[in-house]
Amino acid sequence: MNWEPHARQLMHEVATSGAVYDRRWKLALRETPRHQFVPSIFTQRGNGSWVETTSEDPGWLAKAYRNDALVTKLATTPAGDPITVSSSTKPGLMMRMLEALEVRDGQRVLEIGTGTGYNAALLCHRLGAAQVFSVDIGQDLVHAASARLAALGYEPTLVTGDGAGGMPEHAPFDRIIATCSVPAIPDAWQQQVRQGGIILADLKLSENAGNLVLLRRTVNGLHGRFLPRWAGFMAMRAADIAPTWTASAPAEAETTESTTELEPYPWTMLVPWFLANIGYAEPVRFGMRGFVAGKPQWTYLESAGGSWARVRINADNGGRRTVVQGGPRRLWDVLEAEHQHWTRLGRPDWSRFGLTVTPEGEHTVWLDNPERPQTWPLQHSP
C-alpha cells in the first residue's frame with residue numbers, strides 16, 4: 001500500500017500550519033503509518049446517522065491521512081443512541097500537544113487514553129517503546145492498539161484500567177499527557193509525575209467548558225497556564241460503557257422569564273462559558289430544542305441537578321431574546337454575569353488564564369498572575 005506520499009503530505013501540512021517545529025516529531029509524523037491505526041472510520045451525516053469507511057472502500061487511505069480527528073469506535077447508550085467512545089486525534093493538535101510537552105531523550109511518558117494507539121506510536125518513534133506507558137479503560141482498544149504497535153516493532157507498556165488512577169506500579173513519570181478530558185486533575189497524576197515534571201491535560205468542567213492546560217509539578221503542587229488555542233477531547237470514562245447523562249426532573253412550575261442581548265450559543269463564547277461552569281458546581285450540557293421545519297427555535301442548558309434554561313434563537317426587532325429558566329439555579333443568569341465580568345476584564349483570551357493545584361488537590365483558576373486577587377476556586381471535586 002503506497003501510504004508514504006500521504007504521510008509526507010500530512011507532515012508538510014501540519015508543519016506549514018505551525019503546529020510542529022521539532023525535526024524529530026516531523027520525522028515521527030512522516031514515518032508512522034496512521035492508516036494502520038484507523039481500519040474503520042465513522043463519519044456522521046447531516047441527519048445524524050453514521051456511515052463507516054473501511055480499507056475496502058475507495059478513499060479510505062486518503063481519509064486516514066487527513067489532518068482531521070477520525071471517529072474510530074461507536075457505542076450505544078441505554079436509550080439506543082449512537083455515541084462516540086474513541087477517535088484518532090487531529091494530527092495537528094497531536095503535534096501541538098507533543099511539542100508543548102517538551103520531552104527529552106530518556107524521559108518516561110505516561111499517556112492517559114490509549115485509543116487507537118497512534119499517539120503512542122509517535123511517542124515510541126521519538127523516545128523508544130521502553131519509555132512509553134499508556135492506559136485506557138477499553139480492553140478491546142488496548143488489545144487492538146497493542147497488536148498494531150507490535151506490527152511496527154513497538155512494545156510499550158499498555159494497561160487496561162481507569163486513567164484517573166494512572167500507573168502507580170510504573171511511576172514516577174517525567175511527563176503525563178491526557179488525550180481525554182477531566183473535570184479536575186486527578187490526585188494520582190500529581191503524585192506520579194516527578195518534581196519538575198509536566199502534565200498536559202484537557203480540563204473540562206462540562207462540554208466545551210475548559211481547555212488544555214500545561215502544568216509543572218513543584219514542591220507546592222501543580223502550576224501552569226492554559227494553551228492559547230482551544231481544543232477538546234471526549235470525557236474520560238471510569239468504566240468501559242457508553243457515557244450517559246442523568247438529570248433530575250426539571251421544575252417546570254417554578255420558572256422565571258427575562259430577555260438577553262447575548263448570542264444564545266455557549267460554544268461561541270468559550271472563556272465566559274468556562275468561567276460560568278466554575279460557578280455552576282455541577283456539569284451542564286447544552287443543545288438545541290423546539291425544531292420547526294428542521295430548524296431549532298431554542299438553545300437549551302441543563303444541569304445534572306435539575307436546573308435548566310432555554311433561550312430563543314431568533315431575536316426580536318430590538319435584538320433581545322426571550323430567556324426562560326427553572327430549577328435550583330438560574331443557569332443563564334450565571335453565564336450572563338460571567339460574560340459581563342469577562343468583558344470588564346478586557347475579554348482576556350485563554351493564554352492569560354492559569355491553574356494552580358495544591359498538593360491537597362484544591363484547584364484555583366487565575367488571571368495573569370496567581371498572586372493577584374482575580375481567582376476562581378473550582379467547586380468540582382478531583
Side-chain angles (χ1 to χ4, degrees), residues 1-14 17 19-20 25-45 49-76 82-98 111-126 129 132 134-156 158 160 177-181 202 231-234 236-237 240 242:
M1 185 172 290
N2 190 24
W3 60 272
E4 289 90 347
H6 294 281
R8 285 196 298 270
Q9 176 58 34
L10 174 62
M11 184 273 290
H12 176 73
E13 181 181 346
V14 172
S17 73
V20 59
W25 286 126
K26 290 180 182 179
L27 196 63
L29 191 59
R30 191 182 74 190
E31 296 182 351
T32 302
R34 190 188 191 198
H35 68 279
Q36 293 192 18
F37 294 88
V38 290
S40 293
I41 301 170
F42 295 89
T43 305
Q44 193 169 28
R45 293 170 170 162
S49 64
W50 292 84
V51 59
E52 181 180 9
T53 304
T54 70
S55 58
E56 303 298 321
D57 299 314
W60 165 78
L61 186 63
K63 182 177 288 188
Y65 287 92
R66 289 178 185 168
N67 188 23
D68 291 328
L70 303 175
V71 174
T72 56
K73 183 181 178 182
L74 300 175
T76 303
I83 188 170
T84 60
V85 292
S86 185
S87 66
S88 178
T89 305
K90 181 179 179 180
L93 171 57
M94 206 175 292
M95 286 292 107
R96 277 204 295 127
M97 294 176 68
L98 292 173
E111 177 192 35
I112 310 295
T114 309
T116 67
Y118 179 57
N119 195 50
L122 296 171
L123 286 164
C124 289
H125 189 288
R126 169 66 181 83
V132 179
S134 187
V135 58
D136 200 296
I137 196 66
Q139 186 176 51
D140 57 337
L141 293 175
V142 172
H143 287 172
S146 179
R148 294 164 186 161
L149 289 162
L152 299 181
Y154 298 139
E155 294 186 2
L158 304 185
T160 301
I177 180 172
T179 55
C180 52
S181 70
D202 183 19
F233 286 88
M234 288 180 282
M236 183 170 63
R237 296 177 292 151
D240 191 13

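Residues L29 and L10 have side chains in contact (heavy-atom distance under 4.5 Å, counting atoms from C-beta outward). Looking at L61 and H6, their side chains come closer than 4.5 Å, going by heavy atoms from C-beta outward. Side-chain contact check for R96 versus V20: every heavy-atom pair is 4.5 Å or farther apart. Side chains of L98 and L123 form a contact here, defined as non-hydrogen atoms less than 4.5 Å apart. At a threshold of 4.5 Å between non-hydrogen side-chain atoms, the residues F37 and L149 count as touching.
By the 30° and 60° cut-offs, the orientation of the rings of Y65 relative to W3 is parallel.
The nearest pair of heavy atoms linking V71 to L74 is CG1-CD2, 3.9 Å. The two residues T179 and F233 make their nearest non-hydrogen contact at O-CD2, 3.3 Å. Between A145 and G117, the shortest heavy-atom contact is CB-CA, 3.8 Å. Closest approach of M97 and A178 over heavy atoms only: CE-O, 3.7 Å. The nearest pair of heavy atoms linking L141 to S86 is CD2-OG, 3.8 Å. In terms of heavy atoms, A19 sits closest to G92 at CB-O, 3.4 Å.
Checked by atom type and distance alone, the side chain of R148 never pairs as donor or acceptor with a backbone atom of A121 at under 3.5 Å. Within the 3.5 Å criterion, the main-chain N or O of G232 finds no donor-acceptor partner in the side chain of D202. Between the D136 side chain and the G115 main chain, a donor and an acceptor come within less than 3.5 Å of each other. The closest donor-acceptor contact from the side chain of T32 to the backbone of A28 lies under 3.5 Å. In this structure, the side chain of R30 does not engage the main chain of M11 through any donor-acceptor pair within 3.5 Å.
The NE2 atom of H35 sits 9.0 Å away from the OG atom of S55 when rounded to the nearest 0.5 Å. Taking CZ of R34 as the start and OG of S88 as the end, the distance is 3.5 Å to the nearest 0.5 Å. A distance of 10.5 Å separates CG of N67 from CE of M95, quoted to the nearest 0.5 Å. Taken from CG in L122 to CE in M94, the straight-line distance is 6.5 Å, to the nearest 0.5 Å. The structure places CD1 of I112 at 11.5 Å from CD1 of I137, a figure rounded to the nearest 0.5 Å. Expressed to the nearest 0.5 Å, how far CG of L70 lies from CZ of F42 amounts to 12.0 Å.
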inquiry  = T160 vs V135, test: side chain to side chain contact (heavy atoms under 4.5 Å, CB included). Steps then yes/no.
reply    = CA-CA 6 Å; T160 301; V135 58; over 6 Å; no
### Message
Before you tell me yes or no, could you show the steps for M234 and S87 under side chain to side chain contact (heavy atoms under 4.5 Å, CB included), namely the whole-Å CA-CA distance, both residues' side-chain angles and the distance that decides it to 0.1 Å?
### Response
CA-CA 9 Å; M234 288 180 282; S87 66; 3.5 Å; yes
Practice prompt. Give the C-alpha distance, both sets of side-chain angles, the deciding distance and a yes or no for side chain to side chain contact (heavy atoms under 4.5 Å, CB included) between R45 and W50.
Written response: CA-CA 6 Å; R45 293 170 170 162; W50 292 84; over 6 Å; no
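K26 NZ: more than 12 foreign heavy atoms inside a 6.0 Å radius.
Using modelled atom types and a 3.5 Å distance limit, the side chains of S40 and E52 yield a donor-acceptor pair.
Applying the side-chain hydrogen bond (donor to acceptor under 3.5 Å, both in side chains) criterion to S146, with sequence neighbours excluded, gives no partner residue.
Salt bridge K63/D68: absent, no basic N to carboxylate O contact under 4.0 Å.
Counting only residues at least two apart or in different chains, side-chain hydrogen bond (donor to acceptor under 3.5 Å, both in side chains) contacts with residues 114-125 comprise E31-H125, E111-N119, T114-S134.
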